[in-house]
Amino acid sequence: MAQVFSRHANAIARGSLLLLLVVTIVVTWALFQLQRSPVETREGEFRAQPVPFSHEHHVAGLGIDCRYCHTSVETSSFAGIPPTKTCMNCHSEIWTTAPILEPVRESFRSGVSIRWQRVNDLPDFVFFQHDIHINKGIGCDSCHGHVDRMPLMLQAQSLQMVWCVNCHKAPWKYLRPRDQVFNTEYVYPPNQDQIGKELMKKYHVRSPTEITGCFTCHR
Amino acid sequence: MAQTPLTRTIGLRLEQIREKLARERGPRYWRCLEELTDAPEFREALEREFPQEASVWQGNRRSFLQLMGASIAMAGLTACTRQPDEVIVPYVRQPEEIIPGQPLFYATSRPHGGFAMPVLARSDMGRPNKLEPNPQHPACGVGAGADVFSQASVLDLWDPDRARSIQYRGQIRNWEQFLVELRARPELQPGRRGAGLRILTETVTSPTLAGQLRAVLAAFPEARWHQWEPVHRDAARMGAQMVFGRELAPQYRLDRADVIVSLDNDFLSSIGNPGFLRYARDFAARRGHETPTSGQMSRLYVVESTPTLAGAKADHRMAMKSSEVELFSHGLARSLGSLPGGAPLAGTTPGDARMTAALLHDLESHRGRSVVLPGEFQPPAVHALAHLMNATLGNLGQTVVYTAPIEAVPVNQTESLRALVTDMHAGQVTMLLILGGNPVYSAPVDFDFPGALARVDFRVSHSLYDDETAVLCDWRIPAAHYLEAWSDLRSFDGTVSTVQPLIQPLYGGLTDHELLAALTPTVEQSSHVILRQHWQQRHPGPDFEAFWRLSLYNGFAANTAEPLVTAAPRPPAQLPAPQASQGLELAIRPDPSLYDGRYANNAWLQELPRPLTKMTWSNAALISPKLAGQLKVNSQTVVRVNSHGKSVEIPVWILPGHPDDSITVHLGYGRLRAGHTGNGFGSNVYPLRTSAQAWNAAVTVELTDGEESVAATHTHFQMAGRDIVRSATLHEYQQDREFAHDKTKAPPPELTLYPNYGYKGYAWGMQIDINACIGCNACVIACQAENNIPVVGKAEVERGREMHWLRIDRYYEGDLNNPKTWFQPIPCMQCENAPCELVCPVAATVHDSEGINDMVYNRCVGTRYCSNNCPYKVRRFNFFHYAKYAPGSPLIALQNPDVSVRSRGVMEKCTYCIQRINRARIQAEKENRFIHDGEFTTACAQTCPTQAIVFGNLNEKNSQVVRQKADPRTYGLLEELGTRPRTTYLAGIRNPSPEVEE
């Protein structure tokens, strides 16, 4: 009886096996990349807002401090989104007829809140606390990026766990003096490692072992 | 483990159990009768790897493989979800005191049988979601806890089944339409003087409400005000009347008593006692913590007609029929010389003679330092006798003090309702306002309240639910929950406590103040205005605003306790002659969870294992093992209970320690219009209750063929056969301080190949005092409310899938007929060498640097190996998405925002309230300091009325928990396994009389 398979059928079989392996690896790799990519994390993505509020204009242009609007950032887990009243403090005096601000005025007249789209959104099983980060010397821009250069707000970081943990593993790389926390133009000095370690002592920042415990963020 | 068929055969195996117990030497602790049978079914269930799964899978092998394949293929996909868009909705004008993310606390009071139970209510962004004790309230004393009803009542606020609109015969109306109709009523017209108008309330202690009622009665002199509360205190009132000639309310000072004698008084439970919080705390002050060492321990004798929490804590307990308790009281009073006659004690069984003699001797040798407590559900004579005995013993002014009654107008409520019903039947009532209560369900059956109600022309009900009464009324007015209302109430000692709203009424509910104001021609008033006006009159002057604000802040008006009065009881000319009934007796009692039925729609309370029976979701006829043998019935056999011509079908439950010749049934079940949660569970026993015999009646029992499953948790999470509960008598303890460690010792910490971890910062630990724990269940509900723990329903409880992170195991010791009882709360032990951590394939449960065994929900894939490997059985698995509510359900607003809501397929367990630890730590770190001892505590420890649970930092030298753990009675559960549990226990100590040989 003649051979059913020709001689190079072996090569094809081996090749297919190899190909299968390669395809599996590539697909797995691609999925991992996808999962870490902005497609999944929404990093760098603008969100449409009811009012196109420009942080660039208000922070860099006018020099308004972060805490003028985000009042509870030093005292609470939640930084606070300003009530309509905060907008109207100024906008009852200036740009009072600008059509772009109509939703703000409408909210103030009717008493119905403005519904902002959340930009920096952590999963519900993560309990991030603004107050402790601010009090220990983590600057706003470490997580929120250069808000003062954002005409529209976007998510500056991936906000994935690996990104959080990178800092919790080596907090000295990111600490700055408390009076520089709200400085959007802060530049880390060349000897940051040394200064950071001094700040860790000064502010009693707990060790990386302690702050990488699961219950630090998950409850 | 699931309910085994074994439960249904217990009645047949009682002989076997008795023999087994008789063979035992030394103390033997057991949790359920099933365990004692040594039946192979029980062994098998005990050793099953995943007991909760029992017989649920109904497919074949092929579909199992298909499902598994699909799960594996799709498992990865669940990780690829993008965050859904979320909106942020800020205020338009932000209130000044609100910081988003920080809770606020307000002092308020929960009405309980008309009396105030002080609470602090937590509010997150305007959502009340947790109730906590008010430690400043003078009525309960500093450091008092909160009871189980207070903890659970926040669920009622958010109950989707609450009445949502004003209705006229099923049609939705508004308040203005109601007012128009109301004011057109002929009864309210000037000439009629209110003839035909009746107002029915529950017990009223509120000074403002009483003032309004008086004003209404003054405006309508022929109107009448009646009060009815199913759990009334008529007997106590009449008892005081018999010996004092006037109404007086006793208060007991249990911290000053060396000997406590309870004549069927369950002073350790809030079901009959508005002073429960104070009594529990005072009792524990002489029983728990260091008292066995310091020799301060009091001795408790309990004579009782049904097993109660007080009986469970007793050093000597005598179970007898209710009528025999009266007989016993007479005998005791004669022996003490409080009653002329001097006859010896009669009516006690020979076995009790020694106990009785010891009791008498103890009372006589502790004059002025003893106290006799009459039972709430005993006839007036027992109350009268207790007053007399306390006087003879010189206890008045020492351990017993009296005040004028706290109720605004104390009345005999049975007679009050009888008068109302008589008038209704006679057609003399044309307009009836029912302010609270559910008399159609709860009135004595001989009154035929529904029939009487049908004869009333204009019926208005004011209640939280569209209940049995509301549907028979013309107008239904939804009531405001107490967390939505302005009011005032008085505590058991008379202290005026404030009720303030934390939220606008969710469904436009109105308070009783507002409804009453509608009767008067005054312009419509809010209850806030009414309350302020009342207090402005009582506290005139320029400092009113300061007084008002301080009272609201504190939750009480300072120095408003009722002044003590001195009174001497005189023996009445004639006491009704006591007579023990022949045959079976029925004891009708309020339910430890549902009270009189008003909490029937509260799922937390329905699913809460009752302290002694461990039943959930239903009631049963509780009988003794001996009676079960005589009747030849098993647990879960349905019997027909007949009393005065009415009968009720109800399953039997065999309860060790129950008196023979007696049956106990609990009120509050079998509701028809409680709501989606409560409808239909259990049997309604109100038909057995008459006005003449509210609590005890003669009864006969017939067998039926039926059987009804009872979801009891007493067989779940067994640690059978190990040395779990450790106890000794005070005498034994004085001989051997180390008795708790005699048999087992923890292996030394060096016995490991790995270096031990040095916990340098905080090291959290807990100590639970078995001696102080009274099994009241408040901690279980506090934990449930704090940690967003879902309920699972009766069917799932039967499979052993209840989710309580903290359970209270009830152990019996010794004899089947009169066992000693121990309660042991079991949270996660937070083992330093945690067996659960080693077996998790995905590291979803790991240790942190403060010694807490972290459970990471988002990592958990649901293998359940951890729960299988946990020797303490404290891990709970979400077999279904129990925490999922219908979209828009108000219950979503109840969730604690600091705790994750767990999804299907995830393991969960006690975290030592990590959210509270983190909050305290962050606060401390912001202030650059360490957390002080006592700055915060876990939800269970906080609410414990006896402070049996102590939590703190083991690395802080003088913390309370460190001091307690130094006690030689401290032992770790299963510490011989080397798990090094952070939760430890203080072994139990009883203080029996040396005259009674143990």
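Order of the sequence lines fixes the chain letters, A, B, ..., with proteins taken first and strands second; residue numbering starts at 1 for each chain. Just so it is clear, the model here is predicted, and its values are computed rather than measured.
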Name the region of [X], side chain, backbone, both or neither, that has any atom closer than 4.5 Å to a heavy atom of chain A.
X      : answer
B/R919 : neither
B/N788 : neither
B/S900 : both

Atom pair [atom1]/[atom2] of [X] and [Y] - distance to nearest 0.5 Å:
X      : Y      : atom1 : atom2 : value
A/C214 : B/I914 : SG    : CD1   : 10.5 Å
A/R219 : B/I917 : CZ    : CD1   : 10.5 Å
B/N928 : A/K202 : CG    : NZ    : 10.5 Å
B/K926 : A/E74  : NZ    : CD    : 9.5 Å
A/S77  : B/D898 : OG    : CG    : 7.0 Å
B/N918 : A/F127 : CG    : CZ    : 10.0 Å

A/I134 versus chain B, the contacting section by heavy-atom distance below 4.5 Å: neither
Side chain from CB out, backbone as N, CA, C, O: work out which of these in A/V119 comes under 4.5 Å of a heavy atom of chain B, or both, or neither. neither
State whether the number of non-hydrogen atoms from other residues, nucleotides or ligands found under 6.0 Å of [X] atom [atom1] is greater than 12.
X      : atom1 : value
B/Q504 : CD    : no
A/W163 : CH2   : yes
A/F46  : CZ    : yes
A/M88  : CE    : yes
B/R929 : CZ    : yes
A/R115 : CZ    : no
A/D193 : CG    : yes

Nearest non-hydrogen partners of [X] and [Y], listed with the distance:
X      : Y      : value
B/P84  : A/D121 : O-OD2, 3.7 Å
B/M855 : A/F215 : N-CZ, 3.2 Å
A/F78  : B/P100 : CD2-CB, 3.4 Å

Can you find a side-chain donor-acceptor pair between B/D854 and A/H218 that sits under 3.5 Å? no
Looking at [options], which has the largest count of heavy-atom pairs under 4.5 Å with chain B?
options                        : value
A/I114, A/T216, A/V126, A/D131 : A/D131
A/N135, A/T71, A/I132, A/T209  : A/I132
A/P123, A/S110, A/G213         : A/P123

Check ion pair B/R921-A/E210 (N to O, under 4.0 angstrom): no
Should B/E850 and A/R206 be marked as a salt bridge (Lys or Arg N to Asp or Glu O under 4.0 Å) after you check the CA-CA gap, both sets of side-chain angles, and the distance that decides it? CA-CA 12 Å; B/E850 295 174 0; A/R206 295 189 300 149; 3.2 Å; yes
pair [X]-[Y]: side-chain heavy atoms closer than 4.5 Å:
X      : Y      : answer
A/Q117 : B/D85  : yes
B/Q923 : A/T75  : no
A/W116 : B/V87  : no
A/T86  : B/Y91  : no
B/R93  : A/P83  : no
B/V92  : A/S113 : yes

